Protein chains: 2
Amino acid sequence: MSDSLRISRKFSQRSVMEAIVQGGPISRASIAKQTGLSKQTISEIVRALELEGWVKETGRTSGHVGRTAVTYELVYDAAYIVAVDLGGTKVRVAITDLACQIFAEDTEPTDPRGGQFIVDQIAQLAFQAASRQRIARNKIRLAVVGVPGAPDAQTGRVLLAPNIAGFDKMDVVAAFERAFGFDAMLENDVNLAVLGENWLGQGQGIDNLAYVALGTGVGSGLMVGGQLVRGAINAAGELGFLPLGADPFEAESLRTGAFERAVASHGMADRYAALSGRLISVPAIFENAQNGDEAALAVLDETARYLVRGIGAIAAIANPEKVILGGSIGLRPEILERVKAFLPQCFPYPVNVETGELGSRAAIIGAAAIGLGQLHNTLFGVDAPDGRISLPRASMTALQEAVR
Amino acid sequence: MSDSLRISRKFSQRSVMEAIVQGGPISRASIAKQTGLSKQTISEIVRALELEGWVKETGRTSGHVGRTAVTYELVYDAAYIVAVDLGGTKVRVAITDLACQIFAEDTEPTDPRGGQFIVDQIAQLAFQAASRQRIARNKIRLAVVGVPGAPDAQTGRVLLAPNIAGFDKMDVVAAFERAFGFDAMLENDVNLAVLGENWLGQGQGIDNLAYVALGTGVGSGLMVGGQLVRGAINAAGELGFLPLGADPFEAESLRTGAFERAVASHGMADRYAALSGRLISVPAIFENAQNGDEAALAVLDETARYLVRGIGAIAAIANPEKVILGGSIGLRPEILERVKAFLPQCFPYPVNVETGELGSRAAIIGAAAIGLGQLHNTLFGVDAPDGRISLPRASMTALQEAVR
DNA sequence: AATAAGTTCGGTAACAGAACGAATTAAAGA
DNA sequence: TCTTTAATTCGTTCTGTTACCGAACTTATT
């Protein structure tokens with residue numbers, strides 16, 4: 001088979017596959033109409049896909065005029081992927097099938113010893129979940145691991161990840177691939193969160209989207225033209241280093257960024273302590289605010305005002321259509337409300353800000369999205385320069401339900 | 001001819017065209033080696049291209065062992081494009097051929113009456129230049145107009161362009177197309193500047209690139225993965241509204257952005273006046289600084305310190321590989337020197353900053369780049385989702401020389 | 001003699017499109 | 001109400017067409 005012809009073939013195969021994935025049970029004639037290819041071609045391609053085990057006959061239509069049509073569907077259990085959200089304190093591991101249904105989802109405290117210990121912990125969690133669900137190991141094709149830092153594609157290390165010990169000194173990708181026995185990809189956790197919200201949450205259908213995660217630290221994820229912005233060294237979205245909030249020229253700002261110190265949980269607690277004399281946790285500040293504590297309310301206002309400036313910076317530079325707030329602090333309605341009130345005071349045109357719909361699961365759903373997209377692409381896709389993910393809409397509800 | 005086959009065909013035709021454009025005079029055998037297509041196929045495609053008038057035989061090789069090869073070249077004058085850089089005070093109009101050689105370049109003060117008057121002025125300039133160079137009108141295929149604002153693709157208007165009267169109330173694209181009689185595209189001027197530097201200047205081969213233009217105003221252009229970032233409403237890069245520098249919550253910041261007030265020429269002059277009691281022009285401040293004027297030196301330091309924070313914001317959000325400074329102030333070595341000194345004091349990892357190589361011509365070269373890319377794509381390209389520009393390297397020197 | 005450039009010839013994968021048979025419902029007539 | 005016929009749609013078969021490849025061959029040169 002010649003090379004360029006193979007491209008042609010796969011081009012069509014991919015669109016047929018897409019029609020089947022997205023169109024649920026569908027007849028060959030409908031695929032032909034949808035894709036614009038001839039019925040004959042569709043029959044050929046579907047036959048090939050069936051032979052390879054990716055699709056199967058599932059029934060026939062009835063009730064319409066004309067001959068009944070045989071309908072085809074994805075073989076959902078033809079392949080599985082592992083999605084991981086690795087945080088400084090918790091690891092979350094999920095397994096999904098080709099229909100994007102989450103089969104198992106387990107959470108554990110992150111192994112504090114770091115490095116290889118974490119890799120082994122994750123692999124064990126994944127394999128436990130797989131055998132619990134009776135999923136054969138050889139059907140798992142790929143793992144996507146979200147990490148709080150900047151994965152370096154060349155060396156497989158994770159940079160700028162102070163909360164995960166040892167990942168800056170080892171080839172993490174290789175370690176995962178050894179432990180799993182299949183391909184693994186690393187991605188920044190906030191980047192995964194944007195992808196998640198873009199796929200199933202607040203950002204559906206929005207090509208230019210930003211996500212700001214605010215909690216113990218701050219980070220942002222940015223999508224432009226439907227593509228993730230990763231930056232030259234995967235350090236895009238290291239929002240903590242925005243030269244805003246605290247004095248960026250202080251020496252401390254080179255370790256913990258000026259913006260992070262002003263806006264993240266540490267800064268909030270410090271600010272509350274300065275106003276009231278008491279050092280309490282961030283959830284306690286929110287609670288006090290609800291009870292009318294002046295100092296707590298002032299801290300929330302102040303935090304939102306800083307956050308608004310960060311959002312303004314993103315809007316001025318990248319002009320996203322929507323900004324989604326996430327993270328333990330960013331998800332609070334008290335923050336959203338204030339951000340919406342303050343933003344128009346310092347930014348000239350309206351910016352659409354909302355909290356994420358998927359909450360703390362955004363990253364793991366994003367990991368599933370990127371993994372499934374990758375899988376669909378390698379199985380049925382062209383080596384297209386634009387790796388745009390096109391995932392089923394039909395099964396979204398299924399996933400969302402499974403997720404709850 | 002069937003549709004999908006046409007895609008296949010054009011795929012190859014495009015790469016053959018690319019090889020000819022970039023490889024200068026080249027034999028069919030070399031094209032075959034370069035593209036990986038068979039000699040036979042190349043002969044066919046080249047024959048077709050020759051028939052259609054896009055390439056022509058130009059000579060034969062000699063001196064090597066073996067049979068002499070016939071070499072082919074682009075028919076440079078098969079099509080022309082008009083590149084325009086429209087500023088608040090000056091319009092610059094250039095005409096380039098398919099070899100990306102600039103044929104004519106004229107500058108005039110912008111018609112202060114704005115609106116249709118500017119459109120007519122530009123069309124007249126272009127047609128004058130064309131007839132001076134004996135270029136037939138029907139060979140001009142496209143005009144690219146750089147504007148200081150956010151062109152709205154839906155309505156054809158230009159938003160956020162306070163310096164161009166009337167462009168926010170008319171369909172500018174339609175007006176240009178009427179005046180020219182061929183296709184016209186609008187693009188933000190700083191966006192064109194990044195493209196220009198990416199093509200022929202400081203940013204060659206750099207996919208993740210930022211450009212900061214500092215002069216009367218501030219603006220930025222951002223490329224991610226080789227693609228321009230335009231934002232949801234083409235307002236990406238409105239850096240003046242970065243909530244930095246002046247107090248962003250002042251009411252004035254909604255009209256003239258906080259960052260613009262701090263860093264652009266007005267802010268510099270004000271700051272000098274505050275320090276010395278004299279209101280002088282920005283070039284005069286630079287001159288005084290060279291003569292050791294303390295106040296002027298302080299102003300430069302202060303300006304650079306603000307600029308550094310803007311660059312830090314871009315780096316934190318998008319992590320470009322390089323940041324190019326442009327604009328009448330940004331191009332000064334005194335600024336670059338200070339930016340390089342101050343940036344490591346407030347940003348944790350190194351950011352590569354340089355001044356633009358193309359100076360004030362960056363935008364018009366960018367306009368040529370986008371226009372030629374567009375033309376090559378529509379003539380020989382697939383309707384590829386990734387509109388990556390791939391332009392000749394050979395003729396770059398020619399263009400650069402023509403430009404000087 | 002060696003070698004590289006181009007052409008000719010035959011072959012093939014991936015499609016299109018027309019024609020046709022099969023299966024079904026809707027409507028018309030008995 | 002029952003049958004017949006018409007209208008539709010599904011899917012296959014058959015016959016191109018296009019865009020390629022590869023091998024063999026011719027031609028021109030060092």
Side-chain angles (χ1 to χ4, degrees), chain A residues 1-17 19-20 23 25-52 55-73 380-382, chain B residues 1-17 19-20 23 25-52 55-73 380-382:
Chain A
M1 203 194 263
S2 77
D3 207 46
S4 48
L5 289 181
R6 207 154 87 234
I7 285 175
S8 277
R9 173 60 139 92
K10 288 208 173 178
F11 236 94
S12 303
Q13 198 177 60
R14 182 204 170 92
S15 31
V16 170
M17 214 40 209
I20 295 177
I26 189 173
S27 73
R28 281 166 290 177
S30 314
I31 300 174
K33 266 176 222 150
Q34 263 189 43
T35 58
L37 299 165
S38 72
K39 290 191 288 179
Q40 200 274 340
T41 304
I42 301 299
S43 283
E44 262 179 39
I45 293 177
V46 168
R47 188 156 31 240
L49 287 171
E50 198 176 6
L51 248 166
E52 289 167 42
V55 303
K56 61 166 188 261
E57 232 185 282
T58 48
R60 348 187 94 247
T61 57
S62 70
H64 310 284
V65 209
R67 177 174 169 181
T68 51
V70 180
T71 56
Y72 288 83
E73 232 179 331
F380 316 112
V382 205
Chain B
M1 201 195 265
S2 76
D3 207 46
S4 50
L5 290 181
R6 205 152 89 232
I7 285 175
S8 278
R9 171 59 139 91
K10 287 206 174 179
F11 236 94
S12 303
Q13 198 178 59
R14 182 203 170 94
S15 32
V16 170
M17 214 39 209
I20 296 176
I26 190 174
S27 73
R28 281 167 290 177
S30 313
I31 300 175
K33 267 176 221 148
Q34 263 187 44
T35 58
L37 299 165
S38 72
K39 290 191 289 180
Q40 201 274 341
T41 303
I42 301 298
S43 284
E44 260 177 40
I45 293 177
V46 169
R47 188 155 33 242
L49 287 171
E50 198 175 7
L51 248 167
E52 289 166 43
V55 305
K56 60 168 190 258
E57 231 185 282
T58 48
R60 349 187 92 246
T61 57
S62 69
H64 310 285
V65 214
R67 178 174 168 180
T68 50
V70 179
T71 56
Y72 288 82
E73 231 178 330
F380 315 113
V382 205

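Sequence lines set the chain letters: A, B, ... in the order given, protein chains first and strands last, and positions in each chain run from 1. Note that the structure is predicted; figures quoted are calculated from it, not measured.
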Return the OG to CE distance between B:Ser15 and B:Met17, rounded to the nearest 0.5 Å. 11.5 Å

Kindly write out the residues that satisfy side chain to side chain donor-acceptor pair (under 3.5 Å) with B:Gln34, not counting sequence neighbours, or none if the list is empty. none

Distance check: side-chain N/O of A:Ser43 vs OP1/OP2 of D:dT12, anything under 4.0 Å? yes

Once you round it to whole Å, what is the distance between C1' of D:dG11 and CD1 of A:Ile31? 13 Å

Distance check needed: D:dT18 C1' versus B:Gln13 CD, whole Å only. 14 Å

When the C1' atoms of the five terminal pairs at each end define the local axes, what inter-axis angle does the helix from C:dA1-D:dT30 to C:dA30-D:dT1 show, to 10 degrees? 10°

Rounded to whole angstroms, how far apart are CZ on B:Arg47 and P on C:dA5? 17 Å

Minimum-distance nucleotide (side-chain atoms of A:Ser12 versus C:dC15, C:dA5, D:dC10): C:dC15

B:Lys33 NZ to C:dG6 C1', in whole Å, measures 12 Å

What is the per-nucleotide protein-contact pattern of nucleotides 22-30 of chain D, from the 5' end, where B denotes a base atom under 4.0 Å from a protein heavy atom, S denotes such proximity for sugar-phosphate atoms only, and - denotes neither? B----BBBB

How many angstroms lie between atom CG of B:Leu37 and atom OG of B:Ser43, to the nearest 0.5 angstrom? 11.5 Å

Tell me: CD1 of B:Ile42 to C1' of C:dT8, nearest whole Å? 17 Å

Send over the distance from A:Glu44 CD to D:dT13 P, rounded to a whole Å. 11 Å

Shortest non-hydrogen separation from B:Tyr72 to B:Glu57 and the atoms involved: CD2-N, 3.8 Å

Output yes when at least one side-chain N/O atom of B:Arg28 is less than 4.0 Å from OP1 or OP2 of C:dT7, else no. yes

To the nearest angstrom, the CG-C1' distance between B:Leu37 and D:dA19 comes to 10 Å

Hey, which of B:Thr71, B:Val55, B:Ile20, B:Val16 is the one that makes side-chain contact (heavy atoms from CB on, under 4.5 Å) with B:Ile26? B:Ile20

Please name all residues satisfying side-chain contact (heavy atoms from CB on, under 4.5 Å) with A:Ser27, sequence neighbours left out, ordered by chain then number. A:Ala29, A:Ser30, A:Ala69

Check side-chain contact (heavy atoms from CB on, under 4.5 Å) between B:Arg60 and all other residues, then give those that pass, not counting sequence neighbours. B:Thr68, B:Val70

So which nucleotide from D:dC20, C:dA16, D:dC10 ends up closest to the side chain of A:Ala29? D:dC10

B:Lys39: what forms a side-chain contact (heavy atoms from CB on, under 4.5 Å) with it, not counting sequence neighbours? B:Ala32

Straight-line distance of A:Ile42 CD1 to A:Leu49 CG, nearest 0.5 Å: 10.0 Å

